[in-house]
Every structure is written in C-alpha cells, then in structure tokens.
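Letters go in sequence order (proteins before strands), and every chain restarts at 1.
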Protein chains: 2
Amino acid sequence: MSSASPRRPGRPIGGQLVIDRDHVLDAAERVIKRDGPGASLEAVAVEAGVTKPIVYDRVGGRAELADALAERLADRMIEATEDAIAGETLNQASLSRLVRANLLAVAEHRELFLYVTGGNTEQTAIGRLSLAERSTTPLAKTLAFWRKSQGHDPKVAEAWSFGIVGMLQMISVWWITQPERAVDEVASQISDLMWNGLQGPRK
Amino acid sequence: MSSASPRRPGRPIGGQLVIDRDHVLDAAERVIKRDGPGASLEAVAVEAGVTKPIVYDRVGGRAELADALAERLADRMIEATEDAIAGETLNQASLSRLVRANLLAVAEHRELFLYVTGGNTEQTAIGRLSLAERSTTPLAKTLAFWRKSQGHDPKVAEAWSFGIVGMLQMISVWWITQPERAVDEVASQISDLMWNGLQGPRK
DNA sequence: GGTGAAAGTTACCAGCAGTAAGAAACCTGG
DNA sequence: CCAGGTTTCTTACTGCTGGTAACTTTCACC
C-alpha cells in the first residue's frame, strides 16, 4: 500500500521523491486501524515504506504523532458534527443530531480515537487535552455567541465546552463498548441532558 | 520506606512474612506519585522491596495494576464526594460542593488519576472505563432514585451518569493544568450546567 | 531424614522509543 | 571534470520495559 521506495542507504536516485509528513501520518492511521491503539512507530515506518529516523524527522516522537493525529481527527469530527447542524440554529433536535453524529464519527475512527485520547503517559495531561482543546475551541465560540443572544452570561462558555466535550468523549467510549445499545436512544438521552443544562440561568 | 526484606533467593527464613497485594499496591501509589504516570513496574517492585515476579503474582500486569488502582481511587473519590453532600438531598448547592470536592480530590491524587485514566493502550477501552464505571454505578443509582422521586423517567440514569462522570473527568484534567483558575468558580459553573440539565423533561 | 510444596530471586527474552554514525546521490566552485 | 560539501536516507546501535522461565532455599509433613 506504500509507494515504491529506494530501500537502499543514501540519497534517493530519482529527482525530488521526498517523503512528506502527510504520507507518514496516513501510514500511521492505517497501522493504528490495523494494530489498535498499541501500534508502534516501527510498524508505522514499515507501513510508510521508510525507516524510523524518517518518522522522527517528519513528525517527531510518539507524543508529537498523537498530537498530529489528534489535529486531523478533530478536524474530521468537527466537520461531521457541523454537517449535522448545518447552518440551522441551536435547538433540541439539532443538538441530538450533533450528538449522534459525534458517536458515529467516533465509531468510524474507533482505534484512532482510542489512540489519541489514551496514553501519552509521559508528559502530563497536555497530550490528552489536545483533541479536547481543538474540539472545544469552536464549540466555545458558538456557545458564547448563543448564550449572549439568549441574554445570558457567556462567561461560562469555556468551562461548559470542556465539560460537554468530556461528556461526549466518555459517552463515546462507553457506547462503542456496548454495541447493542441503539445510537439514537443514547443520542436522544444525552442531548436532553445537554439541552436542558444549556438553558441554565447564571445570568 | 519498605519493610526489611530477605533479598535472597528461596523461601523467606522467618515464619509467614508473606508480601500481600496491598503492600504492592501501596508501593505502586508512592512510585506513581514520585515518578508520574510513566512509572514502571520495575520501580514499583523496588519500592515494594521485592522483585518483579512478585508484582506479577500479586497484582498481574500493567493493565491489572491500573485496574486495581482505579478501584482504590474510585473508592476515595466516592467517599470525598459523598461527604460533600452528606445525607442532604440533591440540590444546586450540594451539587456545587460535589463538583468542588471532585476537583480537589483529583488534584490531591493528580498523578494517580492521570495514570489510571490514561494509557492502557493494549486492551481496548475497558481499562479506561474502569474508574468511570466504578464512579458511575453509585451515581446512577442515586440519579435513578432521584428522578423517580421527581416524577421523571429514570431510564436515562445510566447514560446520564456516564456523561456526568466524563464531564467531571475532563474538567478535572483541564483544571489541574490551569492552576490559576479558581476552583469555586469552575465548580459553580459546572454545577449550574449539570443542575439545569438534570431538571430536564424526558418524561 | 527425605520429599514435595511454597515463596522468592536471578537471569533472561522480545519489543519499543529514540539516536549516532555511515553511505549513496546530487550540487557547486574551481 | 572532479573534489568537497550538502541532502536524504539506512544501518546499527543503546537503554529501558513488560513479561517469563528456570533455579534456589526453606518449610511441612510422613
């Protein structure tokens, strides 16, 4: 699945066939999908058709890889959930669709999601927050705007956004380990909790 | 910090000076507090004054260790939060105290919390859920009872409990990386979100 | 007193993150 | 045209960790 590569020491023979960062990241996603969240950097290198030092040069170590993949995953999930509310204003139905889309997106990228949200044992919790932060930032903006438009205090937007993202992440992990549970029911229940919560005072 | 140990091959010379599981788990907590979430089993063995195979015999591998520590941590956090509402019925003030107690408990066991909630890369998400599940179970019971007493549908209790626990975990991770933030303000904001959410219909 | 079970330790293996040093092609100045 | 530097990649290694096999010593029982 990887392009034909030199497999010989020294500078590649052709012109500018340099391996770029995205090529490595694509390979990493395939490996994680195949081997699960415990995938090794060595396997990533093999899948990319290169050797380890290339991986380290292009994306850095394990922590940086997780961070880069978190960025990609966050983009995809934001896109999936944005489609769910598609311009429409925030209401209970659109919120339920958002939760549902989030669950399905996590299920689609299951192994990648587990890789990104788990681990990163060494450096503190910063690694763990990367996906959350990227998901949170646009949500916080939307929330602050919406709260203001409803005549409420927008100050809570940041904390609430992190709370909501955490709620969604936990529900996702829980749900993907309970496949028998109907996605619509879970989405409906959680969106109820969220919707009523958002209406809160805190003027 | 560890008891005097044989440090010699073969069965210990005295009577029944067997090393028990809790001794190893205590050592593990000390090491994690000292070395951070990346603590190794070898370090745990040294701290416990024994060798690695003992650790494997008493608690199992890394996954089992995380699970055992999750159980202990869950018990402590449940105790801390139970004290916060102490018999009193569920209301906005007690909920705020609960969130506050949760945040402080996480901060107190910061490294342990990160160890338990992170990692466990190999086996799926089961490891990650262990703390959540233990925290969720009593919460779900309380919630179901309370919903019923309010004339609402208690069916949502399970999903809501996981959502709330996820929210609290994410807020905790976020908060402990932002020490300048006042704990009371965060607790107040999050409890507002929760309290209003819980009032929801879903008859 | 001999023999098996109990309770440890030593010594190892495999795999992984991360890095230093080397090799082949290209490029540039003389 | 060719010598030396630069680019681009590989080989080969270190150090550490999770996990296990095999050995060693004592106890308990007959």
Please report the distance, rounded to the nearest Å, between [atom1] in [X] and [atom2] in [N].
X	N	atom1	atom2	result
B/His23	C/dG8	NE2	P	11 Å
A/Leu65	C/dC16	CG	C1'	14 Å
B/Ile13	D/dC27	CD1	C1'	11 Å
A/Arg58	C/dT19	CZ	C1'	16 Å
B/Ile19	C/dA7	CD1	P	10 Å
A/Glu47	C/dC16	CD	P	15 Å
A/Asp57	C/dA17	CG	C1'	16 Å

(message) Between A/Asp184 and A/Arg100, does any side-chain N to carboxylate O distance fall below 4.0 Å?
(response)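 Between A/Arg100 and A/Asp184 there is a salt bridge, with a charged N closer than 4.0 Å to a carboxylate O.
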
(request) Using a strict 4.0 Å threshold on nitrogen-to-oxygen distance, state whether A/Asp26 and A/Arg72 make a salt bridge. (result)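 Salt bridge between A/Asp26 and A/Arg72, a charged N being under 4.0 Å from a carboxylate O: yes.
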
(request) Using a 4.0 Å heavy-atom cut-off, write out nucleotides 13-22 of chain D from 5' to 3' as B (base contacted by protein), S (sugar-phosphate only) or - (no contact). (result) ----SBBBB-

(message) Does A/Arg134 form a salt bridge (Lys or Arg N to Asp or Glu O under 4.0 Å) with A/Asp67? I'd like the steps, not just the answer.
(response) CA-CA 11 Å; A/Arg134 290 183 211 284; A/Asp67 206 62; 3.4 Å; yes

(request) Indicate yes or no for a side-chain donor-acceptor contact from B/His23 to the backbone of B/Ala48 under 3.5 Å, with no hydrogens or angles considered. (result)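 Yes, the answer is positive, given that a donor and an acceptor are paired below the 3.5 Å cut-off.
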
(request) List in chain and number order the residues that pass side-chain hydrogen bond (donor to acceptor under 3.5 Å, both in side chains) with B/Glu158, two or more places apart in sequence or in another chain; answer none if no residue qualifies. (result)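 side-chain hydrogen bond (donor to acceptor under 3.5 Å, both in side chains) list for B/Glu158, sorted by chain: A/Arg181.
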
(request) Supply the atom-to-atom distance B/Thr117 OG1 to B/Met170 CE, rounded to the nearest 0.5 angstrom. (result)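 Separation between the atoms: 10.0 Å.
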
(message) Looking at C/dG22, I'd like to know if its phosphate oxygens (OP1 or OP2) sit under 4.0 Å from a side-chain N or O belonging to A/Arg8.
(response)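 For C/dG22, neither OP1 nor OP2 has a side-chain N or O of A/Arg8 closer than 4.0 Å.
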
(message) Check this one for me: any side-chain N or O of B/Arg11 less than 4.0 Å away from OP1 or OP2 of D/dC23?
(response)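 Indeed not, no polar side-chain atom of B/Arg11 lies that close.
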
